[in-house]
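Read the structure below first, then the notes.
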Amino acid sequence: MSVDTTVVKCPECNSRDLIYDDKRGERHCAECGMVIENRIIDQSAEWRDYTSDGVRTDRSRVGAPSSNLLHDKGLSTTIDWQNRDYSGSAISSKNRPQMYRMRKWQQRAKTTNYKDRNLITALNRIQYLCSKLDLPKSLAERASAIYRRALEANMIRGRSIDTTAAAAVFIANQQMQTARTVDDIAKEFKINPKEVGRTYRFMKRGLKIRTPPPSPLVYVSRFCSELHLNKKTENRIREIIELAEERELTYGKSPCGITAAAIYIAGYETEQVRTQREISDVTNVTEVTIRNRYKQLAQSLAIEFEV
DNA sequence: AAGACGAAAGTGGTTGA
DNA sequence: TCAACAACTTTCGTCTT
């Protein structure tokens, strides 16, 4: 067993309210839903060989690692289609009909119920989405775990799989502080971003997951590279945002808007000017909002600013 | 002509009675 | 549950360079 009893607090939000779920073999935080530990049943390879004296030659008991990305976590049994028994000899004609029946039921048991079939599709969609958006596998794992929980809680019925999968990815994205917006995610699936946003909130409420409000800093490197800004400008943008956060000018404002305004200001300071239009295009924030934000920032931070 | 500006009306979410 | 509200968007006419 690999229960790590040293973890008593959630590394994400410091809550001590950790729930152990032996059905799923995982512990997660009641506050934010962060999975502290999963696969509590030890999945590590049994690389021991009892037949040869201590020399590890036979590793036949080693299987693929279990994963949230597979609907059965890679643990279900399959019955081979060949009419052979395990030693390779043919199965007698007497037993063959029985084999057929077993296979049939095995196949049905594996995929027949609504939840499993739903999961298969959903997990595929999650993986597809994550690879399209260059998100790491660990994020796909987390999104999958969230989706599983939503499915267990009967929160999927009546919603499209794509929308729910997108929402799960967005939650994981928020938790791991990667710079993807609802729009980015919705675009890949060609679905309504508003629906995704709605489902995202619904799932967070239903599963009692809290995500940290995204800092404007999260988006800096991404927007900078899309606008071809150099390191000097990028650093200045970070400085401005950090100052704004210190002075609590960012609460209740859209993080992208703050980032956009900081880009606009820093651009003039380092002579890497970008127009409001250009910034608006990559940040998906309107020029009006950029104007309002940069004026407020420049004034509050006493940054001399001339266009 | 391009970019910036700002007023005015509209949208969707949050909050508090 | 509903109205008030803050933030943000859309639209559009005007000003500046």
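Every chain is numbered from 1, with letters handed out A, B, ... down the list of sequences.
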Report summary line: Rounded to whole Å, CG of A:N284 lies from P of C:dA7 at a distance of 21 Å
Query raised in the report: Where the side chain of A:R201 is concerned, which of B:dA4, B:dT14, C:dA7 is the nearest nucleotide?
Result: B:dT14
Query raised in the report: B:dA2 phosphate, OP1 or OP2: any side-chain N/O from A:Q276 under 4.0 angstrom?
Result: no
Query raised in the report: In terms of side-chain heavy atoms of A:S254, which of C:dC8, B:dG13, B:dA4 is nearest?
Result: C:dC8
Query raised in the report: Of A:D184, A:T259, A:T283, A:T181, which meets side chain to side chain donor-acceptor pair (under 3.5 Å) against A:R222?
Result: A:D184
Query raised in the report: Closer than 4.0 Å, any side-chain N/O of A:Y264 to the OP1 or OP2 of B:dG3?
Result: no
Query raised in the report: What nucleotide, of B:dC5, B:dG6, C:dA7, holds the atom closest to the side chain of A:K295?
Result: B:dG6
Report summary line: In whole angstroms, the gap separating P of C:dA6 from OH of A:Y251 amounts to 19 Å
Requested in this report: Quickly work out the A:I290 CD1 to B:dC5 C1' distance and round it to whole Å.
Outcome: 13 Å
Query - Spacing between A:F202 atom CZ and B:dG13 atom C1', to the nearest angstrom - result: 17 Å
Query raised in the report: Hey, does A:G252 reach any base, or is it just sugar-phosphate, or nothing, if we go heavy atoms under 4.0 Å?
Result: sugar-phosphate
Requested in this report: Taking only the side-chain nitrogens and oxygens of A:K253, find out if one of them lies under 4.0 Å from OP1 or OP2 of C:dC8.
Outcome: no
Query raised in the report: For the pair made of CZ in A:R293 and C1' in B:dA4, what is the distance, rounded to whole Å?
Result: 17 Å
Query raised in the report: Between A:R277 and A:V288, which is nearer to the 5' end of DNA chain B once each is assigned its nearest nucleotide?
Result: A:R277
Report summary line: Whole-Å distance, A:K194 NZ to B:dG10 C1', equals 11 Å
Report summary line: Checking N1-N3 plus N6-O4 or O6-N4 for Watson-Crick, or N1-O2 and O6-N3 for wobble, each under 3.5 Å, the partner of C:dA6 is none
Requested in this report: When you get a sec, tell me which of B:dA4, B:dG13, C:dT10 is the closest nucleotide to the side chain of A:T275?
Outcome: B:dA4
Query raised in the report: For A:Y294 and B:dG3, what is the distance between atoms OH and P respectively, to the nearest whole Å?
Result: 15 Å
**Report entry** Intermediate values then yes/no, side-chain hydrogen bond (donor to acceptor under 3.5 Å, both in side chains), A:T233 and A:Q272
**Finding:** CA-CA 7 Å; A:T233 313; A:Q272 284 216 297; 2.8 Å; yes
Query raised in the report: In whole angstrom, what separates A:R198's CZ from B:dT11's C1'?
Result: 12 Å
Query raised in the report: Does one hydrophobic cluster hold both A:L301 and A:V220, with members joined at side-chain heavy-atom distances below 4.5 Å?
Result: yes
Query raised in the report: Does A:K194 come within less than 4.0 Å of A:D183, counting only side-chain N to carboxylate O?
Result: no
Report task. May I have the step-by-step check of side-chain hydrogen bond (donor to acceptor under 3.5 Å, both in side chains) for A:N118 and A:Y147, ending in yes or no? Result -> CA-CA 10 Å; A:N118 183 301; A:Y147 192 96; 2.6 Å; yes
Requested in this report: Would you kindly check whether a donor in the side chain of A:R291 faces an acceptor in the base of B:dG6, or vice versa, at under 3.5 angstrom?
Outcome: yes
